[in-house]
**Student:** 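Handing you a structure now.
Chain naming here is simple, since letters A, B, ... match the order of the sequence lines and numbering starts at 1 in each.
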Amino acid sequence: MRCLHHHKEVKHVNGKADYTALEMMVVQASRMIRDGEVVFVGTGLPMIASMLAKYLHAPNAILCCEAGFWDSRFLHIPMTVGDSRWYVGSTWCAGQSYMFSLLQRRRIDLGFLGGAQVDKYGNINSTGVGVQLRDGYYVFGKRFEGSGGAADIASMANRVIIMMKHERRRFVERVDYITSPGWYVWLHDFKHGRGRVRLVPRWELGMWGGPEAVISTMGVMRFDEETKEMYVESYYAELGITPEDIKRNTSFDIKVDEAEPAEPPTERELELLREHIDPEHIFLRE
Amino acid sequence: MRCLHHHKEVKHVNGKADYTALEMMVVQASRMIRDGEVVFVGTGLPMIASMLAKYLHAPNAILCCEAGFWDSRFLHIPMTVGDSRWYVGSTWCAGQSYMFSLLQRRRIDLGFLGGAQVDKYGNINSTGVGVQLRDGYYVFGKRFEGSGGAADIASMANRVIIMMKHERRRFVERVDYITSPGWYVWLHDFKHGRGRVRLVPRWELGMWGGPEAVISTMGVMRFDEETKEMYVESYYAELGITPEDIKRNTSFDIKVDEAEPAEPPTERELELLREHIDPEHIFLRE
Amino acid sequence: MSKVMGLREALKRYVRDGSVLCLGGISLCRRPMAAAYEIIRLGIRDLHLIDIAPGMPQILLALAGSASVVEGCWHGYELFGHPYMWRNLVERGPKETGYRFNDESHYMLSLRFVAGWLGVPFIPTYTARGSDLWNPEFDNLWDLRGKRRKVAAKKFAVIENPFKEGELVRLLPAINPDVTIIHAQMAAPDGTTRILGAHFDDFVHAAAADHVIITCEQIVSRDTLAVNPEMNLIPSVYVDAVCQVPYGAHPGSCLGYYDYDPWFLNELVRVTREGERNPEVFKRWLEEWVLGVESHDAYLEKLGLRRLLALRADPALGYAPELPRRLHEMPPPP
Amino acid sequence: MSKVMGLREALKRYVRDGSVLCLGGISLCRRPMAAAYEIIRLGIRDLHLIDIAPGMPQILLALAGSASVVEGCWHGYELFGHPYMWRNLVERGPKETGYRFNDESHYMLSLRFVAGWLGVPFIPTYTARGSDLWNPEFDNLWDLRGKRRKVAAKKFAVIENPFKEGELVRLLPAINPDVTIIHAQMAAPDGTTRILGAHFDDFVHAAAADHVIITCEQIVSRDTLAVNPEMNLIPSVYVDAVCQVPYGAHPGSCLGYYDYDPWFLNELVRVTREGERNPEVFKRWLEEWVLGVESHDAYLEKLGLRRLLALRADPALGYAPELPRRLHEMPPPP
């Protein structure tokens with residue numbers, strides 16, 4: 001239920017490309033999927049990206065979803081996490097306790113996440129902004145859908161890829177609420193009472209995995225091996241995006257020195273996406 | 001796997017009856033099963049007793065076994081706990097974690113147990129006699145099959161019926177090893193180290209249920225409401241058994257004052273047992 | 001010993017003001033919507049809702065004023081739109097609204113139900129470390145703990161793993177709802193329930209509960225379900241009531257029987273979006289589709305045969321492959 | 001990516017001296033006997049055996065000297081007879097024999113596997129209170145704890161329930177065997193496994209393990225098992241090797257395929273009973289049926305077609321209804 005459908009609102013940036021930013025995101029995500037991997041996908045772009053990978057370089061990738069369908073070969077794009085379309089070709093029909101136990105047992109190779117905010121350490125907020133205590137209860141200035149399985153995936157998948165719309169209010173220095181932990185988290189110390197917060201690397205909490213890349217509507221970001229801070233790896237040059245655009249649409253200071261133009265989609269990739277995977281144009285409409 | 005097949009060695013006692021002690025035990029057990037009850041049975045006499053009850057006064061009793069078959073309508077008598085014969089008519093096919101969780105959730109109305117020793121409080125030993133520590137390890141003078149699910153059933157079924165061969169060495173003052181707890185247990189105190197033992201009623205341990213009756217090859221025993229000690233309710237008079245026989249074959253002092261001759265099997269009961277339920281005479285052979 | 005009864009009778013018998021209620025299914029799929037509608041009609045209030053994957057029915061119960069305590073991880077309609085009005089409810093805060101939503105994650109909830117199924121008091125987990133879900137400052141049920149029935153004494157506890165020195169482990173309290181309601185494809189009068197497709201953890205939803213109501217598309221005989229018993233998810237022992245409620249998951253889908261209803265869902269999202277500015281819009285919808293409708297039969301009549309047929313599943317696929325699904329350019333409803 | 005390989009290859013790849021090994025099935029039913037035989041032939045030793053319902057294969061591995069540590073709840077042959085020789089082994093004690101049997105109950109073991117499946121370090125329980133199974137003096141693994149790989153640091157721990165003041169709760173450590181071997185009716189090359197009938201907790205047996213070997217009656221295509229996927233118990237992710245081993249559970253039963261072999265079981269019990277006085281009797285049997293037999297194919301050849309046909313299941317019932325079963329008056333074997 002990590003819902004990426006706000007991407008449907010993304011407008012095509014006028015460049016020389018004959019493809020959209022959404023298609024570019026899907027292609028970038030698809031290329032990160034390795035053959036044989038178990039990929040935990042929600043509804044939306046990651047699902048399409050995974051199908052694309054299966055058509056091309058990762059025929060043995062296994063798609064599964066939190067609802068419990070395993071290794072689906074769906075013929076039509078699911079629109080919801082338990083969509084009956086997932087059933088076609090599945091070899092296992094389980095439920096959440098089964099699927100998430102695979103995460104806790106480190107059996108999920110790759111998870112995809114979206115959200116409303118991401119920060120430089122890859123923490124994601126899909127719960128709400130403007131969090132505050134009011135009358136003893138926590139409330140939000142603006143509330144979103146909530147974690148669903150996002151916190152579980154972010155904390156226990158062996159690697160995580162984040163897909164987000166690139167806007168200044170979304171790429172923030174520090175998320176208002178950590179739904180899904182990234183590389184460094186602001187931890188509330190159980191022992192020292194209210195309000196005491198310290199920045200802790202995930203490995204100190206005994207955690208494995210961590211966010212590997214952020215695929216946005218403007219480019220692909222990765223995390224520095226040393227500092228674990230986000231930097232720009234590539235930008236969608238053909239869509240008219242420059243490194244400066246990314247900097248301007250990111251509210252923390254993001255490194256763009258090493259950024260290169262992203263490899264555009266191939267004709268084969270676009271054909272598969274448009275004619276075989278989402279011919280109904282449910283996700284890939286402009 | 002609470003195995004009662006040692007009963008096959010029980011010899012017919014010459015009396016005026018045209019039925020065997022085994023048949024009598026089955027009939028007594030059957031009559032204790034109430035309609036609609038969920039009955040957790042192992043292999044052997046309890047299974048046959050439950051089928052008999054279903055033919056007569058308890059058509060809605062549900063038979064289940066630790067292997068995971070639910071509400072079986074078997075056509076041939078299973079000889080082992082996972083016997084494929086259990087499959088016929090079953091409406092659920094689970095495993096032990098499911099079946100025993102029903103015990104822990106108090107959903108099993110009645111469990112049957114056997115064993116090598118039973119004491120006056122209904123504790124059962126099916127693990128071994130002559131237990132001792134040797135070189136730091138616990139060993140037995142004579143080792144038996146072990147608990148299987150017996151300890152689970154004895155501790156968590158809402159009521160328990162015990163079926164045993166009646167011999168002096170089996171009906172003892174205190175069992176050598178408590179596999180399955182009865183009304184009062186000799187408890188090893190975790191807090192006070194080795195060797196400290198005290199007699200504790202099961203309800204003080206937060207336990208529900210408890211043994212309701214012992215059906216032996218000689219009679220039916222129950223437990224005094226106050227003292228929770230075993231007493232003789234009825235004896236198999238038609239099989240030539242007297243209250244004195246029971247006293248002589250019991251190594252603790254057992255009350256027989258209120259003992260009455262047991263109600264013999266009806267023709268219908270015997271016909272069902274012999275011709276419909278166990279026509280192969282697998283359990284009911286002499 | 002048949003457990004067959006009418007839906008209203010079953011709800012009246014088992015669900016009360018203040019009950020801890022679990023509604024099975026996931027997101028928009030195989031959710032007991034007819035039961036949720038009927039609960040609203042019966043005027044049951046102050047419900048404590050808890051399940052592993054809340055969404056459509058829980059939002060509706062919140063907006064209709066039937067629920068006051070929710071332990072959940074998510075509320076929304078996925079592609080169909082945001083949980084309008086509900087998000088306002090949360091933003092205004094429990095003091096003003098009397099409605100509390102307490103955030104957990106899928107797996108935290110799932111494990112709590114597993115513990116409930118097994119009959120154990122708590123269960124450890126390593127999930128969601130570093131997430132504000134474990135932030136001890138964020139607990140919207142703090143003032144109910146130790147006071148309200150079946151609200152756990154603590155949101156969680158931390159202990160040292162007695163089997164591994166120095167390792168801290170988080171414990172989650174078990175869940176045992178008063179009543180779980182599940183919509184299934186098939187059930188027998190004795191309660192045996194068969195679910196096709198992924199089961200969405202409906203086994204633990206049922207097994208953890210004190211009482212279970214099954215609404216189903218079809219009641220079939222016990223002997224029918226004794227063929228391939230491996231296909232049956234919930235055994236009779238857990239089930240108290242079996243109610244035949246065709247299209248009981250509408251507007252959600254029910255694998256093998258019908259698909260989700262994109263027209264209805266679009267409309268539901270629209271009225272809640274407009275309802276954020278003008279609550280009357282939602283009130284009228286609720287009156288039209290729930291309160292003013294006598295029963296689920298009347299609801300289906302109102303939807304009309306042509307609509308229901310348009311949603312009908314292809315038996316080979318389990319869904320309606322020709323269903324229009326481009327939400328921004330839907331043809332008129334049939 | 002096919003996981004199909006020969007049984008010997010699979011065992012050589014995953015099972016080593018000292019491995020923690022789980023053998024699925026229950027009692028005499030659907031047990032991976034061909035795998036147990038092959039382990040004995042390979043001379044693998046010092047195995048640590050653990051499963052929820054030990055019995056026939058674990059006894060054999062003990063008597064053949066392959067196992068040295070067993071966490072179990074039961075050993076026997078039910079109606080076919082007592083676990084002769086094994087009981088002597090236990091009576092003589094670990095110091096003399098190097099063989100340790102540590103008693104638990106079915107549910108204690110089951111819960112430990114559930115914890116292993118879920119990936120949590122321990123699990124609480126209320127079971128078997130008052131039983132000497134919880135007697136802290138009785139722990140035959142005490143000197144291995146903290147020393148031998150995958151032997152839990154403690155048999156159990158007692159803590160106060162943090163969610164209920166004053167309640168003491170017992171915790172059991174999770175189990176994660178190195179290898180679980182399961183005999184199933186059907187499996188696909190990718191590892192997807194279908195089990196007919198009760199699954200005897202083979203899901204948790206598999207899901208808790210680091211590696212899983214499936215022996216099966218038939219290898220079928222993935223697409224065959226994608227029909228009614230609700231019938232599949234173990235998904236591909238858990239499985240490392242798929243070995244086609246027809247009659248791989250003999251002399252036990254395999255629902256839908258064949259029944260137990262009462263002639264063979266009678267003989268096995270006889271040689272172990274006589275073996276208590278004269279170990280040569282059992283040694284000769286082991287040589288004849290295990291060590292001196294090259295492979296499972298040769299074992300089946302030796303049993304002979306007529307014997308295997310006599311055990312064959314009626315497809316409607318799942319077992320052999322005409323099988324002679326009065327153990328004291330069996331006709332000669334076919």
**Student:** Donor-acceptor check, side chain of B:S155 to backbone of D:T127, threshold 3.5 angstrom: yes or no?
**Tutor:** no
**Student:** To the nearest 0.5 angstrom, please state how far the CD atom of D:E96 sits from the CZ atom of B:R134.
**Tutor:** 7.5 Å
**Student:** Which residue, D:H75, D:H82, D:R87, forms the side-chain contact (heavy atoms from CB on, under 4.5 Å) with B:E145?
**Tutor:** D:H82
**Student:** With no hydrogens and no angle check, just 3.5 Å: does a side-chain donor-acceptor pair link D:T125 and B:Q104?
**Tutor:** yes
**Student:** Mind checking what makes side-chain hydrogen bond (donor to acceptor under 3.5 Å, both in side chains) contact with D:D103, not counting sequence neighbours?
**Tutor:** B:Y138, B:R143
**Student:** Donor-acceptor check, side chain of D:S131 to backbone of B:I178, threshold 3.5 angstrom: yes or no?
**Tutor:** yes
**Student:** Out of curiosity, D:L141 CG to B:Y137 OH, how far, rounded to the nearest 0.5 Å?
**Tutor:** 9.5 Å
**Student:** Is there a donor-acceptor pair under 3.5 Å between the side chain of B:E280 and the backbone N or O of D:R325?
**Tutor:** no
**Student:** How many angstroms lie between atom OG of D:S253 and atom CE of B:M79, to the nearest 0.5 angstrom?
**Tutor:** 11.0 Å
**Student:** OG/B:S97 to NE2/D:H199 distance, rounded to the nearest 0.5 angstrom?
**Tutor:** 6.5 Å
**Student:** Quick one: which residues of residues 256-264 of chain D reach chain B at under 4.5 angstrom, heavy atoms only?
**Tutor:** D:D259, D:Y260
**Student:** Using distance only, find each side-chain donor-acceptor pair of residues 311-320 of chain D under 3.5 Å and give its atom names and separation, not counting sequence neighbours.
**Tutor:**
from   : atom 1 : to     : atom 2 : distance (Å)
D:D314 : OD1    : D:A316 : N      : 2.7
D:D314 : OD1    : D:L317 : N      : 3.2
D:Y319 : OH     : B:H76  : ND1    : 2.7

**Student:** D:R100 versus chain B, heavy atoms under 4.5 Å apart: side chain, backbone, both or neither?
**Tutor:** side chain
**Student:** Is there a side-chain contact (heavy atoms from CB on, under 4.5 Å) between D:Y107 and B:Q96? Walk through the geometry before answering.
**Tutor:** CA-CA 7 Å; D:Y107 198 40; B:Q96 293 92 315; over 6 Å; no
**Student:** Would you say the side chains of D:D201 and B:Y98 form a donor-acceptor pair under 3.5 Å?
**Tutor:** no
**Student:** Rounded to the nearest 0.5 Å, how far apart are OH of D:Y126 and CG of B:D152?
**Tutor:** 15.5 Å
**Student:** Enumerate, atom names and distances included, each donor-acceptor pair closer than 3.5 Å involving a side-chain atom of residues 116-124 of chain B, sequence neighbours excluded.
**Tutor:**
from   : atom 1 : to     : atom 2 : distance (Å)
B:Q117 : OE1    : B:N125 : ND2    : 2.9
B:Q117 : OE1    : B:D176 : N      : 3.0
B:Q117 : NE2    : B:D176 : OD1    : 3.4
B:D119 : OD1    : B:Y121 : N      : 3.0
B:D119 : OD1    : B:G122 : N      : 3.2
B:D119 : OD1    : B:N123 : N      : 3.1
B:D119 : OD1    : B:N123 : ND2    : 3.3
B:D119 : OD2    : B:N123 : ND2    : 3.1
B:D119 : OD2    : B:V175 : N      : 3.3
B:K120 : NZ     : B:E173 : OE2    : 2.8
B:N123 : OD1    : B:G182 : N      : 2.6
B:N123 : ND2    : B:Y184 : O      : 2.7

**Student:** Can you tell me which of D:D132, D:N88, D:D139 forms the most heavy-atom pairs within a distance under 4.5 Å of chain B?
**Tutor:** D:D132
**Student:** Distance from D:L255 atom CG to B:C93 atom SG, nearest 0.5 Å?
**Tutor:** 8.0 Å
